[in-house]
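Some notes on the structure that comes next.
Hydrogens, waters and symmetry mates are skipped; everything else that's a heavy atom, side chains included, is used.
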Amino acid sequence: MARRRFPVGVQDFEKIITDGFVYVDKTEYIYNLANNYGDSLFLSRPRRFGKSLLCSTLRHYFQGHKELFKGLAIDKLEKNWTEYPVFHFDMSQCKHDNPDHVSVSLDLVLSNFEKEYGLDKGNLSFGDRLKMLILKAHERTGNRAVLIFDEYDSPVLNVIDDPEKLNAIKSIYNSFYGPVKNMGDHLRFVLLTGITKFSQMSIFSTINNLSNISMDPEWEGLCGITAQELERDFKEDIEALALKQNKTPEQIMQQLRYRYDGYHFGPNMVDVYNPFSIVNTFSKMMLKDYWFASATPSALIKILNKYNFKLTDIENKRVYESSFDQPFDNMRSALHILYQSGYLTIKDYDFVDEVYTLGIPNKEVYSGLYSTLMPLYLNPSDDDNTSLLMAVQRAMREDDIDAALTAVQSYLSTLPYNLSNKTERDFETILKVLLDCLGIKNDVEVRNARGRCDVVMKSRNTIYVMELKISSTATVDDALAQIDEKNYMIPYWNDPRRKVKVGVTVDPEARTIKEWKVINA
């Protein structure tokens, strides 16, 4: 049987349909979005999560391309296909770090529309040119215009760490978006997609009725592939992958869930798989970390640096819903941008307190996040990091904690002085990054009724409970005594694995491990 075609890198709805690519039918969502919810909407989703395909599908729907939707859900819902003038702006094409280049890109997009409608840009501003296009389109067709701004924030995120360029690009876009406020009588539908909100962008401050649907229960499955859609539309592909890997379909489903599932975009906790990783998996018939490898999250690293965010802060964070709607330029924490970018997701929702719990969605993000951010906490040299990882991995596989700590001790003594490894929290983070990159289950700052244990590591056969002392006078016996005094071992007594106490002292001047002692509990 011939293999099916998967739209890897294809974001145009018409091409997917006419060229016979696999398409997960989202057109019932499209119909309800366009007709039953509102006229001006904002949707936040992570990169490569189907926002551009959504915008393309809406464009073809509003342009009345009925033949493309034959046999899809919307074919039974839409009775009166109407052709509207559509202005579709893919703002990722303006993704430059130079404001002048952004202006050139925006000018080119507007010029193409102006040629279509026979308009001369003259000396008009970007905003006035857009206004004239909307008016002309309404006049010529008799139908109100549709505006679609895909990845509206892409140019801004690209210069997030450069205030001068950031303000210059914001000024350009304020001029561009501003006139939309007073054009309601000439607009049928407006959609913005992106990752986050910028309150100082006039599109948010001037369009009073712009509705943020990003966490509304109706749209949790609007982008991405839901668990139901995966089982319904990819059954034959799951079976083919199972046959190739000599596994059962149930085992492949378990691997897909573990690696790519776990995203939730609202209180109903609808399970959503990463669509980019799913289509790549079935196209290549291999399970790999496709989404994280598709682009370097440079903006993420800039944001984490800006807010001094620690990887130990990343799991089981409880936040109110208002945190998600907080504009980027007013935020005081990196949590909500981590969520909107896809590095965190909703793990639980408390309907009584209206509180969300956030965490890392799946293995792909977990391993990619830690390995990509290693240079923030370890050595910028990949070769040095790889050598350390191999040494620690080999030692932990053999349950040789002495060899593992010897490797870490040697490594820490070579770190550049400008890296952050001066406090107990820094050393906890470094250990966590190392262990997470190696797939060794661990927790830091584990709380119980008596206190907070620094590090707990779990290998196949052993549980290591570790206490760190960052002091020139503290001893390893002091660290071991704290494990006993605070009852750090009690939660693990029913675990059949061997239990080991590890006391570690760190020299704050040398900035590396001074000594350690290992005792079987």
Side-chain angles (χ1 to χ4, degrees), residues 1-13 15-27 29 45-54 56-57 71-73 220-265 269-295 297 342-343 345 347 359-372 436-439 441 460:
M1 185 173 63
R3 288 268 309 278
R4 298 206 296 170
R5 300 185 69 195
F6 293 90
V8 175
V10 182
Q11 300 171 333
D12 179 65
F13 176 73
K15 183 174 179 61
I16 288 175
I17 298 300
T18 57
D19 289 3
F21 288 102
V22 172
Y23 175 67
V24 176
D25 190 352
K26 299 284 187 178
T27 59
Y29 284 110
R45 285 294 184 271
R47 62 183 175 85
R48 298 187 183 274
F49 236 86
K51 298 190 298 294
S52 294
L53 178 56
L54 167 68
S56 175
T57 310
L72 299 176
E220 290 184 36
L222 177 59
C223 293
I225 298 171
T226 67
Q228 181 181 10
E229 290 165 343
L230 181 68
E231 295 181 19
R232 181 194 69 199
D233 297 346
F234 296 88
K235 185 175 184 294
E236 64 183 271
D237 310 298
I238 294 168
E239 291 172 350
L241 183 57
L243 184 63
K244 180 179 180 181
Q245 299 200 359
N246 196 27
K247 291 181 169 42
T248 67
E250 291 74 21
Q251 288 174 321
I252 292 297
M253 277 298 300
Q254 184 177 12
Q255 289 184 327
L256 292 172
R257 279 193 294 269
Y258 176 59
R259 198 152 197 157
Y260 308 129
D261 190 16
Y263 288 97
H264 306 108
F265 297 107
M269 302 288 290
V270 173
D271 275 328
V272 179
Y273 286 73
N274 187 313
F276 185 80
S277 294
I278 290 293
V279 297
N280 272 279
T281 293
F282 291 130
S283 176
K284 297 176 174 61
M285 282 288 149
M286 293 179 62
L287 288 143
K288 295 175 65 178
D289 293 344
Y290 296 104
W291 179 76
F292 209 96
S294 65
Y343 304 106
T345 194
K347 289 292 190 178
I360 298 174
N362 52 47
K363 179 185 180 296
E364 177 180 29
V365 178
Y366 193 94
S367 58
L369 187 63
Y370 280 93
S371 61
T372 299
D436 281 321
C437 288
L438 295 169
K441 185 171 178 57
R460 178 176 297 179

Practice item. Inspect the contact between Asp237 and Arg3 and indicate whether a charged nitrogen and a carboxylate oxygen are less than 4.0 angstrom apart. Key: no
Is the terminal nitrogen or CZ of Arg4 (NZ for Lys, CZ for Arg) located under 6.0 angstrom from the six-membered ring centre of Phe282 and within 45° of that ring's axis?
no
Looking only at heavy atoms, the pair that brings Arg259 and Lys288 closest together is NH2-CA, 3.7 Å
Closest heavy-atom pair, Gly20 versus Arg5, reported as atoms and distance to 0.1 Å, is O-CB, 4.1 Å
* Asked: Taking atom CD of Gln228 as the centre, does the number of heavy atoms from other residues, nucleotides or ligands within less than 6.0 Å exceed 12?
  -> no
query: Under 4.5 Å between any side-chain heavy atoms of Tyr260 and Leu287, yes or no?
result: yes
### Message
Side chains of Tyr23 and Thr57, heavy atoms from C-beta outward: is any pair under 4.5 Å?
### Response
yes
- Message: If we ignore hydrogens and angles and just use 3.5 Å, is the side chain of Asp12 paired with the main-chain N or O of Lys15 as donor and acceptor?
- Response: yes
Taken to the nearest 0.5 Å, the spacing of Gln245 CD from Met285 CE works out to 9.0 Å
- What's the verdict on ring pair (Phe, Tyr, Trp, His ring centres under 6.0 Å) for Tyr366 and Tyr258, showing C-alpha distance, side-chain angles and the deciding distance? CA-CA 11 Å; Tyr366 193 94; Tyr258 176 59; 9.3 Å; no
When every non-hydrogen atom of Ile252 is compared with those of Ile238, the smallest separation belongs to CG2-CG2, 4.0 Å
Going by heavy atoms in the side chains, are Pro7 and Phe13 under 4.5 Å from each other? no
CD1 of Ile225 to CD of Glu231, rounded to nearest 0.5 Å, is 12.5 Å
Rounded to the nearest 0.5 angstrom, the CG-CD distance for Leu241 and Gln251 is 11.5 Å
- Query: Do the non-hydrogen side-chain atoms of Val279 and Tyr290 ever get within less than 4.5 Å of each other?
  - Reply: no
I'd like to know if the side chain of Lys26 reaches the main chain of Leu54, judged simply by a donor and an acceptor atom lying under 3.5 Å from each other, with no hydrogens or angles considered.
no
Here the gap from Ile17 atom CD1 to Leu72 atom CG, rounded to the nearest 0.5 Å, amounts to 5.5 Å
**Prompt:** Does atom CD of Gln254 have more than 12 heavy-atom neighbours from other groups under 6.0 Å away?
**Reply:** no
- Just wondering, do Ile16 and Leu53 contact through their side chains at under 4.5 Å, heavy atoms? yes
Gln255 and Lys247 have their tightest heavy-atom pair at NE2-CE, 3.3 Å
Interatomic distance, CD@Glu229 vs CD1@Ile278, rounded to 0.5 Å, equals 11.5 Å
Next item on the list: Find out whether Asn362 and Tyr263 are in side-chain contact, i.e. whether some heavy atom of one side chain is under 4.5 Å from a heavy atom of the other.
Entry: yes
Of all heavy-atom pairs linking Pro361 and Gly342, the shortest is CG-O, 3.8 Å
Interatomic distance, CG@Leu230 vs CZ@Arg257, rounded to 0.5 Å, equals 9.0 Å
Would you list the atom pairs, donor with acceptor, under 3.5 Å between side chains in residues 269-277 and any protein atom, with sequence neighbours excluded?
from, atom 1, to, atom 2, distance (Å)
Asp271, OD1, His264, NE2, 2.6
Asn274, OD1, Phe276, N, 3.0
Asn274, OD1, Ser277, N, 3.3
Ser277, OG, Trp291, N, 3.3
Ser277, OG, Glu364, OE1, 2.9
Ser277, OG, Glu364, OE2, 3.1

Discussion item. Within the structure provided, determine whether Leu256 and Phe234 are in side-chain contact (heavy-atom separation under 4.5 Å).
Written reply: no
Heavy-atom nearest pair, Lys347 first then Gly359, reads CG-N, 3.6 Å
Got a sec: does the NZ of Lys235 have more than 12 other heavy atoms crowding it under 6.0 Å?
-> no
